[in-house]
Amino acid sequence: MRYDLVIFDNDGVLVDSEPISNRLLAGYLTELGHPTSYEDSLRDYMGGAMHRVHDLVLERTGRRLPEDFDDVFHGRVFAAFERELEPVPGAVGVLEKLAADGVAYCVASSGSHERIRVGHRKAGLDRWFDDGRIFSSQDVGRGKPAPDLFLHAAGRMGVAPERCAVIEDSPLGVQAAVAAGMDVYGFTAMTPAGKLAGATRLFADMGELADLLAG
């Protein structure tokens, strides 16, 4: 393995949550008078922290979202996770390989700690991630595309940025990893390859990742 630390994004990379959360986000924004399609949500918000939703709506409309927006949205998301969420195909195999080879790994997500843990529990990934391996945009001042979260995760794990590989599926995440000085592997299962053009490598099947990281 040519990296000392593998940093996973969570939504869409470890858990197949992007279709669920973006469907619900688009619906809730539309319900509040901000017409948003599923495609709009993927384009504007995929990979970003919740503050990005608030910031873009305020910038575009001059109106603030309700104070309880995050709580209501996350309540809907968590309920849907209980019904629908699954791990991304191939993700467990990658984690098994990294653990067997003694390669450090962690998750660095724009989602809240609660969202990460709820998703991991439902998808059966919680046994792979103790508290010391979970980092959220809640831990830093700025979320993706700023590099802060990835640099925070690497620092806490004791690994220099240039020895890290980031696994991302969103343009915002790829930008953040590049800004952090890390190699980034762009997962194209949901995102067109052209939108992840800044990635070090692109791949479409999570089952291929372990070999790519070792190559």
Side-chain angles (χ1 to χ4, degrees), residues 1-22 25 38-49 52 86-95 97-98 103-111 116 119 123 125 128-129 133-137 140 142-154 157 159-215:
M1 184 68 64
R2 51 181 168 157
Y3 300 102
D4 296 331
L5 175 65
V6 179
I7 304 176
F8 291 93
D9 175 42
N10 190 55
D11 294 293
V13 171
L14 293 174
V15 293
D16 194 15
S17 53
E18 293 290 10
I20 299 170
S21 59
N22 281 281
L25 180 57
Y38 173 72
E39 291 75 19
D40 293 337
S41 184
L42 289 176
R43 181 194 66 222
D44 293 340
Y45 305 121
M46 181 175 166
R52 180 176 176 83
E86 299 289 343
V88 167
V92 170
V94 173
L95 295 171
K97 175 66 173 172
L98 293 175
V103 178
Y105 64 88
C106 65
V107 60
S109 172
S110 292
I116 297 167
L125 299 181
W128 298 102
F129 293 93
R133 296 180 190 267
I134 297 177
F135 305 99
S136 161
S137 61
V140 295
R142 300 181 300 167
K144 306 169 188 177
D148 304 34
L149 177 56
F150 290 138
L151 292 173
H152 171 70
M157 297 292 290
V159 178
E162 62 270 18
R163 298 297 304 160
C164 297
V166 173
I167 317 304
E168 265 288 353
D169 71 332
S170 74
L172 294 175
V174 168
Q175 292 172 44
V178 171
M182 302 175 179
D183 282 357
V184 54
Y185 289 71
F187 184 42
T188 62
M190 274 194 62
T191 307
K195 293 188 176 182
L196 303 179
T200 310
R201 293 284 300 273
L202 297 173
F203 70 106
D205 182 348
M206 192 59 68
E208 303 171 357
L209 181 59
D211 289 340
L212 290 176
L213 292 171

Next item on the list: Please collect all side-chain hydrogen bond (donor to acceptor under 3.5 Å, both in side chains) contacts where either partner lies in residues 178-193, sequence neighbours excluded, each pair once.
Entry: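 Every side-chain hydrogen bond (donor to acceptor under 3.5 Å, both in side chains) pair that includes a residue of residues 178-193, provided the two are not neighbours, is R2-Y185, Y3-D183, Y3-Y185.
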Tell me every residue that passes side chain to side chain donor-acceptor pair (under 3.5 Å) with [X], counting only those two or more places apart in sequence or in another chain.
| X | value |
| --- | --- |
| Q175 | none |
| D9 | K144 |
| N10 | H120 |
| S137 | none |

Next item on the list: Please list, chain by chain and in numerical order, all residues satisfying ring pair (Phe, Tyr, Trp, His ring centres under 6.0 Å) with F150, sequence neighbours excluded.
Entry: none
Note to self: Under the rule for ring pair (Phe, Tyr, Trp, His ring centres under 6.0 Å), what residues qualify as partners of F8, not counting sequence neighbours?
What the structure shows: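 F8 satisfies ring pair (Phe, Tyr, Trp, His ring centres under 6.0 Å) with no residue once adjacent residues are dropped.
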Checklist line | Side-chain (S109) to main-chain (S136) donor-acceptor, under 3.5 angstrom | finding: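 No; judged by distance alone, with no hydrogens or angles, the pair does not exist.
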Item checked: R163 side-chain N/O to L5 backbone N/O, donor-acceptor pair under 3.5 Å ->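 No.
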Next item on the list: With L14 as reference, evaluate L125, I167, V88 under the side chain to side chain contact (heavy atoms under 4.5 Å, CB included) test and give the passing residue.
Entry: L125
Using the side chain to side chain contact (heavy atoms under 4.5 Å, CB included) criterion, which residues pair with [X]? Sequence neighbours excluded.
| X | answer |
| --- | --- |
| V178 | V174, V184 |
| S170 | M46, E168, L172 |
| D205 | E208 |
| P89 | none |

Next item on the list: With side chain to side chain contact (heavy atoms under 4.5 Å, CB included) as the test, would you mind laying out the steps for F187 and L209 before giving the verdict?
Entry: CA-CA 9 Å; F187 184 42; L209 181 59; over 6 Å; no
Work out which heavy atom in [X] is nearest to a heavy atom in [Y]; give both atom names and the distance.
| X | Y | answer |
| --- | --- | --- |
| G47 | E18 | N-OE2, 4.1 Å |
| K97 | A210 | CG-CB, 3.8 Å |
| A146 | A176 | O-CB, 3.3 Å |
| C164 | A154 | SG-CB, 3.8 Å |

Is there side-chain contact between [X] and [Y], with at least one heavy-atom pair below 4.5 Å?
| X | Y | answer |
| --- | --- | --- |
| F135 | V140 | no |
| M190 | P19 | yes |
| L196 | P171 | yes |

When rounded to the nearest 0.5 angstrom, what is the spacing between [atom1] in [X] and [atom2] in [Y]?
| X | Y | atom1 | atom2 | result |
| --- | --- | --- | --- | --- |
| R133 | Y105 | CZ | OH | 4.0 Å |
| D169 | K195 | CG | NZ | 12.0 Å |
| D211 | F203 | CG | CZ | 12.0 Å |

Checklist line | All salt bridge (charged side-chain N to carboxylate O under 4.0 Å, His left out) counterparts of D148, not counting sequence neighbours | finding: R142
